[in-house]
Amino acid sequence: MTASIEERLVALAERTASIGPRPGFYARTLVALAEHAAQSLRREVVRSARLFIPVGLALAVVSVGLAARDDEVSSVDVAVAEQRWELEW
Amino acid sequence: VQATGAGLVRYAARILGSVADAEDAVQESYVKAYDALLAGHFEGRSSLKTWLYRIVTRTALDHRRKRARQERQAEAELPRGFDGSADADAHVALRELEDLLVDLPDEQRSALLLQAMEGFTNREIGEILGCSEGAVEQRLVRARAALREKAPE
């Protein structure tokens, strides 16, 4: 072996300097990134839906309950008001 | 991708000894980098370039370990055909580099490649490999000593 390690490394660095990606690599990589981004978005939507659908349903049930209770109160109020109006009349 | 792809593929090819394997490793690295950017894991303490080299180093070394396991299972080296965009001598040189560094531990191999082939400073290599400059210096000294022992000058 005549060349030193440093000389061999320098020579190998020069000889491998022309190595690069094959044609189409950038396009393939961008497609892979776009597919990955779309998959991530889908996963995120499904994950969010799993969290928010039960919470939304619970809120809807509570809202209906509250609305029904408010409705009851207002019916009594109306009846009282009608009675008072009749008596006054 | 276009600004950094060529250099990263060349570096990964020097680790893996194959352009096709290097492209796979770099593509996977970009996906990991995309996820890390979205999750806010890139804090800007190092440059984007050294951060990408860190991801590629880990991914390429993982690919190398997986390939070694597969080759051991098959009890024969997988045939790797001519796969490149570069000239034939570059591929011969890639195999010579592979043969020269084959016995080095991963951390010494990557430190030596980053310094001797990619031109990074010891501080940058420390950022890429996640260790101190002193540790980088130690790895480089040990790598060169092992190469001298293997191939006396």
Side-chain angles (χ1 to χ4, degrees), chain A residues 1-70, chain B residues 1-14 17-20 22-24 26-35 38-39 83-101 112-113 115-119 143-153:
Chain A
M1 183 62 56
T2 52
S4 71
I5 289 300
E6 292 308 320
E7 287 167 345
R8 282 189 75 184
L9 287 171
V10 169
L12 287 169
E14 285 171 2
R15 287 170 60 202
T16 53
S18 63
I19 294 278
R22 294 169 299 176
F25 168 73
Y26 298 115
R28 286 196 301 277
T29 302
L30 291 176
V31 167
L33 277 172
E35 282 174 358
H36 178 76
Q39 275 177 359
S40 300
L41 184 66
R42 272 197 297 274
R43 269 200 304 271
E44 191 60 31
V45 167
V46 169
R47 197 184 65 82
S48 302
R50 278 188 191 144
L51 177 70
F52 286 112
I53 285 175
V55 173
L57 280 174
L59 283 175
V61 168
V62 170
S63 302
V64 168
L66 286 174
R69 201 185 65 176
D70 287 349
Chain B
V1 172
Q2 286 206 333
T4 53
L8 291 174
V9 168
R10 186 174 56 242
Y11 170 58
R14 284 166 171 165
S18 154
V19 175
E23 286 181 355
D24 289 345
V26 171
Q27 193 167 302
E28 191 181 319
S29 301
Y30 278 125
V31 170
K32 286 179 184 172
Y34 171 85
D35 283 340
L38 278 189
D83 62 354
S85 58
D87 56 80
D89 182 60
H91 288 274
V92 173
L94 215 50
R95 297 310 296 263
E96 285 178 24
L97 185 64
E98 168 81 5
D99 291 342
L100 182 68
L101 307 182
L112 191 64
L113 284 174
Q115 193 209 44
M117 305 265 154
E118 307 298 326
R144 287 194 163 89
L147 293 183
R148 279 194 201 97
E149 201 173 307
K150 182 182 172 187
E153 291 162 19

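Here is how names work: the chains are called A, B, and so on, in the same order as the sequence lines, proteins then strands, and each is numbered from 1. Source: prediction; values computed, not measured.
- The greatest number of non-hydrogen atom pairs below 4.5 Å with chain A, out of B/E28, B/E96, B/E118, is found for B/E96.
- Interface remark: B/A6 contributes backbone and side-chain atoms alike to the contact with chain A (heavy atom separation under 4.5 Å).
- Side-chain N or O atoms of B/E23 include one that pairs as donor or acceptor with a backbone N or O of A/R22 at under 3.5 Å.
- At a cut-off of 3.5 Å, with distance as the only test, a side-chain donor of B/T4 or B/Y30 sits close to an acceptor on the other residue.
- Heavy atoms closer than 4.5 Å to chain A are found in the side chain of B/L112, but not in its backbone.
- Neither the backbone nor the side chain of B/L38 comes within contact range of chain A; no heavy atoms are under 4.5 Å apart.
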Would B/R14 and A/T16 satisfy side-chain hydrogen bond (donor to acceptor under 3.5 Å, both in side chains), going step by step from the backbone distance to the final call?
CA-CA 8 Å; B/R14 284 166 171 165; A/T16 53; 2.9 Å; yes
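- The CG atom of A/L33 lies 8.0 Å from the NE2 atom of A/H36; values are rounded to the nearest 0.5 Å.
- Enclosure of atom OH in A/Y26 by more than 12 non-hydrogen atoms of other residues, nucleotides or ligands within 6.0 angstrom is indicated.
- Residue contact with chain B, scored on non-hydrogen atoms closer than 4.5 Å, is absent for A/A11.
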